[in-house]
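Have a look at the structure below before the remarks.
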Amino acid sequence: MQNITQALHEATQCFVNVTTTPLLDAEILLAHVLKGQRSYLYTYPDYSLSMTEQNNFAALIKKRVAGWPIAYLTGHREFWSLDLIVTPDTLIPRPETELLVELILKKLPDIPLLVADLGTGSGAIALALAHERPYWTIYATDISLEALAVAKANAARLQIKNIIFVFGKWCSALPKLRFDVIVSNPPYIAENDLHLQQGALPFEPSIALASGEDGLKDIQDIVYEARSYLKLGGYLLLEHGSTQAEYACSKFLNAGYTHVKSYKDFSGLNRVTTGIFSIECLS
Ligand code: GLN
């Protein structure tokens, strides 16, 4: 029989050459198996794991050593302080994506608004906005029914009621309405980019990561489509790769958006471009 201290020690050894945070990974996975908080591990270090717990832990260690991201092993990831369910059908929400939420909350008034989150995945952006602004009506779209099911389950667990989930590709999923805000974290990695074979990316849905030969196809499509779904004065906000800001800005400008601007994430990398749909878009 193994106690918690021994189990943690053994798992940490297995992870030394696998992750940059071997002890943390071991703690998160063991806490998950024991259905408790990480602090539990240090409150009851002598607790003996049952055979089932040992087997479950061993299975997770094996997957982690094979490269599985922690979030898929626990089935959870925190975004904007909300605990979200994630599955291999959804991208694992990234902390830098919180920049989109932050910018929207900063730029838009706290009055009832109509918002669309295109390609919602686990629902991260829509849920964060809906949680902060219960009076907004948010349409969340996805082309993956499996991802939509996860996003809906997250809304139900968090008791968030102001999101309408719709199936379909980008703006074509939306009803013929004019929105105050359209936001998206679309796929933006080039199809043959070697990054897709590194870290967590091989385990994530490629449909949510790769976008054409140059990674720019979906950004381009959304910039153009959104003009038929934004109110005059409405905002488009798109996440993109750290080298794509110039391209994104030129697309926004060519499509007639005004006040076009890129914003840096907490790593100092250009990560989001925004623009306002204005009368120039119509000419
Ligand atoms: N930011 C993600 C990454 O580089 C990509 C997410 C996306 O394509 N939308 O891992």
Side-chain angles (χ1 to χ4, degrees), residues 19-21 67-73 76-80 84 86-104 116-129 140-144 146-148 150-151 154 168-171 173 181-223 225-226 236-249 251-252 262-275:
T19 106
T20 50
T21 51
W68 279 78
I70 286 278
Y72 288 156
L73 298 181
H76 291 262
R77 172 54 48 97
E78 194 173 294
F79 182 83
W80 200 262
L84 302 185
V86 294
T87 75
D89 290 313
T90 69
L91 210 62
I92 299 166
R94 312 285 202 262
E96 59 265 29
T97 301
E98 293 186 352
L99 177 58
L100 283 171
V101 177
E102 226 175 276
L103 287 169
I104 293 171
D117 171 22
L118 306 179
T120 196
S122 63
I125 298 167
L127 290 160
L129 292 173
T141 82
D142 211 287
I143 188 103
S144 156
E146 291 80 8
L148 271 185
V150 174
N154 277 322
K169 180 135 197 198
W170 307 138
C171 290
V181 179
I182 295 182
V183 57
S184 182
N185 172 17
Y188 52 70
I189 302 176
E191 268 161 6
N192 54 5
D193 190 320
L194 292 176
H195 285 108
L196 290 172
Q197 291 156 37
Q198 291 166 10
L201 272 53
F203 296 87
E204 298 191 285
S206 60
I207 188 180
L209 291 167
S211 181
E213 273 175 32
D214 52 7
L216 300 166
K217 180 174 185 318
D218 292 288
I219 291 177
Q220 152 128 350
D221 288 351
I222 294 171
V223 166
E225 283 180 24
L236 175 65
L237 301 95
L238 296 183
E239 180 173 321
H240 49 67
S242 55
T243 58
Q244 294 168 338
E246 212 175 307
Y247 173 89
C249 283
K251 285 295 159 198
F252 273 64
S262 296
Y263 293 84
K264 292 187 194 310
D265 62 18
F266 48 76
S267 309
L269 302 171
N270 276 315
R271 182 62 62 190
V272 166
T273 293
T274 71

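Order of listing sets the numbers, starting from 1, for every ligand and every atom in it.
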Side chain, backbone, both or neither: Ser211 near ligand 1, heavy atoms under 4.0 Å: neither
Value rounded to 0.5 Å, distance of CZ in Phe79 from OG1 in Thr97: 5.5 Å
Interfacing atoms of ligand 1 (cut-off 4.0 Å, heavy-atom, Ala208): 7 (C), 8 (O), 9 (N)
Check ion pair Glu204-Arg94 (N to O, under 4.0 angstrom): yes
Gap between atom CG of Asp142 and atom CH2 of Trp170 - 0.5 Å precision: 7.5 Å
Subset of ligand 1 atoms that lie under 4.0 Å from at least one heavy atom of Leu209: 5 (C), 8 (O)
Atom indices of ligand 1 within 4.0 angstrom of Leu201 heavy atoms, with elements: 10 (O)
Modelled atom types, side-chain donor and acceptor of Glu96 and Ser267, under 3.5 Å: no
Residue portion contacting ligand 1 (non-hydrogen atoms closer than 4.0 Å) for Thr97: neither
His195 contact mode with ligand 1 (heavy-atom cut-off under 4.0 Å): neither
Ligand-side contact atoms (ligand 1) for residue partner Pro186, heavy atom cut-off under 4.0 Å: 7 (C), 8 (O), 9 (N)
Residue that, paired with Thr273, satisfies side chain to side chain donor-acceptor pair (under 3.5 Å) out of Glu246, His240, Gln244: His240
Straight-line distance of Leu91 CG to Asn185 CG, nearest 0.5 Å: 6.5 Å
